[in-house]
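Just so you know, ligand 1 is whichever comes first in the structure, and atom 1 is the first atom listed for that ligand.
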Amino acid sequence: MTTDVTDIGVGTIRQGIIGGGFMARVHAGAGRTAGAALTAVATSTADGAARAAHSLGARRSAEALALVAAGDVDVVHICTPNATHAALATAALAAGKHVVCEKPLATTAAAARVLAAAADEAGVVAAVPFVYRYHPMVREARARIARGDIGALLSIDCAYLQDWLLQPGDDDWRADADAGGPSRAFADIGSHLCDLVEFVAGEPIVRLAARTRRVFDERGGRAVANEDIAAVLFETASGALGTALVSQMAAGRKNALTLEVHGSARSLAFAQERPEELWVGDRAGSQLLLRDPATGAPDAVRLQTVPAGHPMGYVDAFAAFVADVYSAVRGEDVDGLPTFADGLRAAVLTEAVLESARMREWVEVAP
Ligand SMILES: NC(=O)c1ccc[n+]([C@@H]2O[C@H](COP(=O)([O-])OP(=O)(O)OC[C@H]3O[C@@H](n4cnc5c(N)ncnc54)[C@H](O)[C@@H]3O)[C@@H](O)[C@H]2O)c1
């Protein structure tokens, strides 16, 4: 890591953010919490970049490709529409920068594969914010499954439901396949869900059968080519059977990511809108476990910054993710950091969902 800005402490990580929307704010806040200095912000226009730099508290605005090459940026955070990720991440890796690239890493598995290989080659930290991994109770579930608490994995029931595209007048760049990619609901939020399934269960999805549905063929006066809803049946490596429903048209559901895992001994359930809790299901005496650094698994405890009863949520999970990225940049070993390889994995699963829906048959998912 270089340090050539005199009024930034030696060893301070210098963050550059591309994008000035929702996620740019979240990445800036998480970087600040992790002790980074936000040196530059770029968006698609010079005016937008100046406004975003001001509101995010950056030292300066920049043009995107200048930012990735800048001497006062150590880690490039890419928070732009999906179709721009591959080119920006490629440029950042070529400049030798550590990269945090938003999901989906790329809009095709082929492009994600190239990025994962380039990140390996560059030998830098290259991470994708599959941020739900950073809820302490998710780590608790993962640790309990890894130590055999639930017995043999039997089945998985999961969903990611939102409603912000329920009406025909609801629109966003994600509904434009040129900006969002050929998959919308699955790439946008299903990618989080399948990452979490494999992360918590500790085994991969090996085959799946999917149906997708597009409810409105037009939004914002242009044709829509990607899906609103995906329903997926899947099988994991040990033979567990799973169901996943992903929708951006589920009225009343805002960010309802749920994951329930059933084993031969007991079940576990996590709901991201109630992140302080983990349900432990038993034939007799089910329990609702509350987050508590005094009682959790070590990997869950390390992510807890406040005592029990002081609710932690999405922003805390994001801060923990960015803190882990920066620890990795400093050369520390961190457990469970989602990397470009995980971004590639989600892109492979997304393509398998689209292929299965198109062919109307089960497809094998490449390892
Ligand atoms: N990890 C998560 O929890 C999470 C949550 C929401 C969104 N995301 C991802 O974050 C990314 C951004 O989403 P958002 O909701 O912040 O979008 P947004 O629409 O709020 O912001 C996008 C920003 O990118 C800028 N931009 C567009 N094209 C650009 C270009 N070529 N160069 C530079 N800047 C450009 C725009 O000016 C805008 O400021 C998406 O890939 C999305 O999938 C991740």
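Counting Ile, Leu, Val, Met, Phe, Trp and Tyr side chains that sit under 4.5 Å apart, directly or through other members, Trp164 shares a hydrophobic cluster with Leu165.
At under 3.5 Å, not a single nitrogen or oxygen of Gly19, backbone or side chain, sits near a nitrogen or oxygen of ligand 1. Considering both main-chain and side-chain atoms, Phe318 never comes within under 3.5 Å of ligand 1 through any nitrogen or oxygen pair. Any N or O atom pair closer than 3.5 Å counts here, and Lys103 shares at least one such pair with ligand 1. Here's the thing with Pro129: one of its N/O atoms is less than 3.5 angstrom from an N/O atom of ligand 1. For a threshold of 3.5 Å applied to N or O pairs, the pair formed by Tyr132 and ligand 1 contains no separation below that value. Checking only distances, Met23 does come within under 3.5 Å of ligand 1, N or O to N or O.
Gly48 does not count as a contact of ligand 1, since none of its heavy atoms falls under 4.0 Å from the ligand. Assignment of Arg25 to the shell around ligand 1 is not supported, since no heavy atom sits closer than 4.0 Å. Not a single heavy atom of Phe130 sits closer than 4.0 Å to an atom of ligand 1.
Remark: Glu140 engages Arg144 in a salt bridge, criterion side-chain N to carboxylate O under 4.0 Å.
Residues Pro338 and Phe199 are not in side-chain contact: their nearest non-hydrogen atoms beyond the backbone lie 4.5 Å or more apart.
Atoms of ligand 1 found under 4.0 Å from any heavy atom of Val131, numbered from 1 in the order shown, are 3 (O). Listed by number with element, the atoms of ligand 1 under 4.0 Å from a non-hydrogen atom of His85 are 41 (O). Residue contact check: Thr84 has heavy atoms under 4.0 Å from atoms 31 (N) of ligand 1.
The protein non-hydrogen atom at the shortest distance from atom 20 (O) of ligand 1 is Phe22 N, 3.1 Å.
Nearest heavy atoms, Ala119 versus Leu93: N-CD1, 3.7 Å.
Glu364 pairs by the salt bridge (charged side-chain N to carboxylate O under 4.0 Å, His left out) definition with Arg207, not counting sequence neighbours.
Under 4.0 Å from ligand 1, heavy atoms of Thr80 appear from its side chain as well as its backbone. Counting heavy atoms under 4.0 Å from ligand 1, residue Asp188 touches it through the side chain alone. When non-hydrogen atoms are compared, ligand 1 lies under 4.0 Å from the backbone of Cys79 (N, CA, C, O) but not from its side chain.
In this structure, His27 has its ring center closer than 6.0 angstrom to the ring center of Phe318.
Looking at Thr243 and Asp157, their side chains do bring a donor and an acceptor atom within 3.5 Å of each other.
Of the residues Asp195, Asp188, Asp342, the one that meets the salt bridge (charged side-chain N to carboxylate O under 4.0 Å, His left out) test with Lys103 is Asp188.
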